[in-house]
Amino acid sequence: MIRTRFAPSPTGYLHIGGARTALYAWAYARRHGGAFILRIEDTDLARSTPAAVQAIIDGMRWLGLAHDEGPFYQTQRFPRYKEVVAQLLAAGQAYPCYTSADELEQLREAQRARGEKPRYDGRWRPEPGRTLPPAPPGVAPVIRFKNPQDGVVSWEDGVKGRITVANAELDDFVIARGDGTPTYNFCVVVDDWDMRISHVIRGDDHVNNTPRQINLFHALGAPLPNFAHLSMILGDDGQKLSKRHGAVSVLQYEEDGYLPEAVLNYLARLGWSHGDEEIFTMAQFCAWFDLDHVTASAAQFNTEKLNWLNAHYLKQADPARLAAEIERRLAGQGLDRGHDIDLARVATLYRERVGNLNELADAAHPFVRAPHPSAELLAQHLSPAVREALASLRGKFAGVAWEQPVLAAALKETLAAHGMKMPQLAIPLRVVLLGQPQSPAIDAVLEVLGRDRVCERIDAALGPATS
RNA sequence: GACCCUAUCGUCUAGAGGCCUAGGACAAUACCCUUUCACGGUAUGAACCCGGGUUCGAAUCCCGGUGGGGUCGCCA
């Protein structure tokens, strides 16, 4: 049974890198008919917040990455961790350490000065034949894991291949703090063991933790899961993503008018490939996804390609769905009431010309509220000849059947009668009706706008002087 | 600094020794389509980090260099 998990720490929102990690872990489980587990790693009581938990869950929901089990919270598993710590202590595989934070800092400083890798020196590590100093009174010790000192730890990483680290590089890391709460490297192991995780798919930044965790698995007599480390995603500018720089919440993409399927497709393709396939559904992705084709090197985020995918999905999106999205956005501007425009028709008209939902809502704007083209714009487009043609067109519009072919015919008659070419009349008409010189085919716009609005707007533009 | 990882067009990538005069996609440029602007279509330019090996033959394997990234917390 394949079991994967996504294990974010709730210290912030779900960003694009986390989303991709979740996506790959999810797809891997789906691909193999396994289970995808959501686990909230909130052992850092000081930094974890319920709001962040909610933000992560909301982000996952927006993307449609449903978990089969969980969410599990590490803070609710403290008794279990305590039990395992006690077990390790009893077996002599962990020990209390009374070194203070200050002493540790001094130690690291000295090591750095000597050009060494800063690490705990094992001063409280019990060894046969070694006498430890008496425990300082009043100090609550941390518990450290007794890491093997010889040999190497080696594993076959699902994306990076064989990775080998010497135990001499590792120190005895803390598994429980002075206050008794367990720490990350310890909890992950106990959880992955208890939850029978078969494939640990996570960010690149955990590669260095893996050998320690493997040693812990061994000490616990637990079976080893497979590990796969995804390399990181760089910003559009090639710089590392951080809260300060470019790392935005996936929900920000929702705000910015992206469709979740576009974001998902983009993320799927960022760091993984299936030959030349660029556009595919999540069902296809799940059928194809494999670790072998995940790239080992870092990938740079490219907003333009995301935009292209978004435009692609917009073109084939259901008009009713788009109408709801437009409505939601218009509501945000207080424009959702007092109109009888069929927004689904507006969406059909514009969905292949815009890049995102916000642009779509902007395009719908003049359908819902009469535009106010500036005097300059009107002056620029409404020459006397144009006004004349417009007036006669207005006359035709009053009595004609309101259907696109009929409207097109009326337009052509007017053109012929006034010796004009289509753009000469269509562009001014666009300015008058929508407040801008570009739009979809003018006859289609006319039809969706409706007779009343069209006539009102032409009248308003021509003013009382013309009749 | 130490350790670990990594390196194909500007970007995402295909490529698992001969199929590569290196393929696709985004972006760029040009043209076509056209009722404007888009969309769409066609075409063009654009890359194997460097140096050594191994081999009849290397983008592909090995070593070194360089660049990039990660980690070195009683954070996760």
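Each chain gets a letter, A, B and so on, in the order its sequence line appears, and its residues count up from 1. Atom set for the values below is all heavy atoms of this structure, side chains included, hydrogens, waters and symmetry mates excluded.
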Checklist entry - With a non-hydrogen cut-off below 4.0 angstrom, is A:Ser231 in contact with a base, only sugar-phosphate, or nothing? => result nothing
Next on the checklist: Heavy atoms only, 4.0 Å cut-off, all strands: where does A:Thr43 land among base, sugar-phosphate and nothing?
Outcome noted: sugar-phosphate
Item to check | From A:Asp157, A:Asp204, A:Asp205, residue fulfilling side chain to side chain donor-acceptor pair (under 3.5 Å) relative to A:His229 | outcome: A:Asp157
Checklist entry - Which part of the nucleic acid, if any, lies within reach of A:Asp236 when heavy atoms closer than 4.0 Å are counted: base, sugar-phosphate only, or nothing? => result nothing
Item to check | Residue mapping more 5' on RNA chain B - nearest nucleotide basis, A:Pro141 or A:Ala298 | outcome: A:Ala298
Checklist entry - Are A:Arg20 and A:Tyr24 in a cation-pi contact, defined as NZ or CZ under 6.0 Å from the six-membered ring centre and within 45° of the axis? => result yes
Next on the checklist: Using a 6.0 Å distance limit plus a 45 degree cone around the ring axis, check whether A:Arg31 lies over the aromatic ring of A:Trp272.
Outcome noted: no
Checklist entry - Reckon A:Glu169 touches a base, only the sugar-phosphate, or nothing at all at heavy-atom distances under 4.0 Å? => result sugar-phosphate
Next on the checklist: For A:Asp204 and A:Gly115, find the nucleotide of RNA chain B closest to each by heavy atoms; which residue's nucleotide sits nearer the 5' end?
Outcome noted: A:Gly115
Next on the checklist: Tell me which nucleotide, if any, is Watson-Crick or G-U wobble paired with B:U35 when both distances must be under 3.5 Å.
Outcome noted: none
Checklist entry - Contact class for A:Val142 vs. all strands (heavy atom < 4.0 Å): base, sugar-phosphate, or nothing? => result base
Next on the checklist: Here's one to test your reading of the geometry: is the NZ or CZ of A:Arg144 within 45 degrees of the ring axis of A:Tyr120 and under 6.0 Å from its centre?
Outcome noted: yes
